[in-house]
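Working notes for the structure below.
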Amino acid sequence: MKNRVKTGVALLLTAIMLFPVYWMVNVSFTRDTDMRHDPPYLFPIHGTLEGYRAVVSQQMPYLGTSLLVGLGTAALTLVLSAPAGYSLAKLRPRGGGVLSFVLLMAQMIPGVIMAMGFYAIYLRLGVLNNAAGLVLADSTIAVPFGVLIFTAFMSGIPDELINAARVDGAGTLRTFRSVVLPVSRNAVVTVSLFAFLWSWSDFAFATILDGGGAHRPITLGIYHYIGNNNQQWNAIMATAVIASIPATLLLILAQRYVAAGITTGAVKD
């Protein structure tokens, strides 16, 4: 009986949390004339695809930019954080503990403050309104997290495995590339996913650093679309639905790797 009650409560809470997602999908298929119906339709009785047609014709460039920035951020984060994590975990450089603390503190700096600093630098360098600038800015959020995840994960790799590679004649770089990275798949997937999601959902950096660019990410696409078409809620919600699909699919496909990558190092034998 207790298990049934717990299951019922869990289902109820899950339904409450997912209701905004359901309503977003419902409104995306609702006609403009039915938006103010009282009481509101719980289902799109007179469904329409006008909102999704508007997404295809107007929002695809924004989605393409977000995809480019997301993949670039994930790649740059891996290139920087994986070697740094390996160094802190296995090479143990002098001052490694201080560096780990600095990386932890870096995650506490508000993104808006960092964005203002980037704006001053980009303005002098002439790289405002540029996708590459967004990749670099978003990576400053993802890299500290990536280094901490890689450090925790690689600390659990047996030293015997690394020593065996060195006995076979592998140097530090080859050991990292051929031995450590292959067994760190869970951490690689975890860091890549979070870096992509952070850049995909970024709004602060995009607004300040690429607000006037020709190729803006989907967060700005939705924002400007709301400002220009504040009565076409089906198109706005359809854009939100389309924008949430890549993140949802990635989370579903990578959930078991993410769980393993995050929890590794949390418990010591």
Side-chain angles (χ1 to χ4, degrees), residues 11-75 129-132 134-135 137-138 142 189 192-255 258:
L11 291 175
L12 178 61
L13 294 176
T14 302
I16 292 174
M17 289 187 293
L18 292 180
F19 182 78
V21 178
Y22 161 74
W23 196 251
M24 176 179 68
V25 176
N26 177 42
V27 173
S28 70
F29 290 104
T30 303
R31 299 182 306 179
D32 291 334
T33 55
D34 294 335
M35 291 293 175
R36 299 183 182 276
H37 188 274
D38 190 20
Y41 291 121
L42 294 178
F43 301 96
I45 304 300
H46 308 289
T48 179
L49 293 176
E50 287 300 323
Y52 290 92
R53 295 192 186 99
V55 173
V56 173
S57 62
Q58 301 174 22
Q59 296 290 341
M60 284 303 171
Y62 296 108
L63 287 169
T65 299
S66 286
L67 183 62
L68 176 63
V69 173
L71 294 176
T73 300
N129 304 322
N130 191 297
L134 278 184
V135 169
D138 289 332
V189 174
S192 301
L193 179 62
F194 276 89
F196 180 87
L197 293 180
W198 270 325
S199 62
W200 184 268
S201 60
D202 169 64
F203 182 76
F205 285 148
T207 303
I208 296 174
L209 303 178
D210 196 25
H215 303 287
R216 287 168 286 187
I218 189 61
T219 48
L220 289 188
I222 296 175
Y223 177 71
H224 289 192
Y225 199 72
I226 292 175
N228 295 331
N229 305 276
N230 55 9
Q231 300 299 318
Q232 298 182 16
W233 285 105
N234 55 1
I236 295 170
M237 293 302 174
T239 304
V241 170
I242 298 278
S244 64
I245 289 176
T248 303
L249 291 177
L250 285 174
L251 283 172
I252 292 174
L253 294 175
Q255 59 180 338
V258 172

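- A donor-acceptor pair under 3.5 Å is formed between the side chain of Ser28 and the backbone N or O of Val25.
- Within the 4.5 Å cutoff, side-chain heavy atoms of Leu71 are placed close to those of Phe196.
- Side-chain contact between Thr65 and Arg216: absent, with no pair of heavy atoms (C-beta onward) separated by less than 4.5 Å.
- Of the inter-residue distances, the one linking Asn234 atom CG with Thr239 atom OG1 reads 9.5 Å to the nearest 0.5 angstrom.
- Residues in residues 54-64 take part in no salt bridge (Lys or Arg N to Asp or Glu O under 4.0 Å) pair, two or more places apart or across chains.
- Asp210 is listed as a side-chain neighbour of Pro217, based on a closest heavy-atom distance under 4.5 Å.
- A donor-acceptor pair under 3.5 Å is absent between the side-chain atoms of Trp200 and the main chain of Ile218, judged by distance alone.
- Using a 4.5 Å heavy-atom threshold, the side chains of Phe205 and Leu134 count as touching.
- Put simply, CG on Leu193 and CH2 on Trp198 are 10.0 Å apart, with the number rounded to the nearest 0.5 Å.
- Considering all non-hydrogen atoms of both residues, Ala54 and Ser57 come closest at O-OG, 3.2 Å.
- Nearest heavy atom pair, residue Ala137 against residue Leu209, reads CB-CD1, 3.6 Å.
- Using a 4.5 Å heavy-atom cutoff, the side chains of Trp233 and Thr30 are not in contact.
- At least one side-chain heavy atom of Leu220 sits less than 4.5 Å from a side-chain heavy atom of Phe203.
- Ala247 approaches Leu197 most closely through the heavy-atom pair CB-CD2, 3.4 Å.
- To the nearest 0.5 Å, the span separating CG on Leu253 from OG1 on Thr248 amounts to 10.5 Å.
- When every heavy atom of Leu68 is checked against every heavy atom of Ala131, the shortest pair comes out as CD2-CB, 4.4 Å.
- Side-chain N or O atoms of Thr73 include none that pairs as donor or acceptor with a backbone N or O of Asp138 at under 3.5 Å.
- You'll find the ring centres of Phe29 and Phe43 outside the 6.0 Å limit.
- Side-chain contact between Leu63 and Leu67 is absent, with no heavy-atom pair separated by less than 4.5 Å.
- Between Val241 and Met24, the closest side-chain pair of non-hydrogen atoms falls below 4.5 Å.
- At least one donor-acceptor pair under 3.5 Å links the side chain of Asp202 to the backbone N or O of Ala206.
- Of all the heavy atoms in Ser192 and Ala74, the pair that sits closest is O-CB, 3.8 Å.
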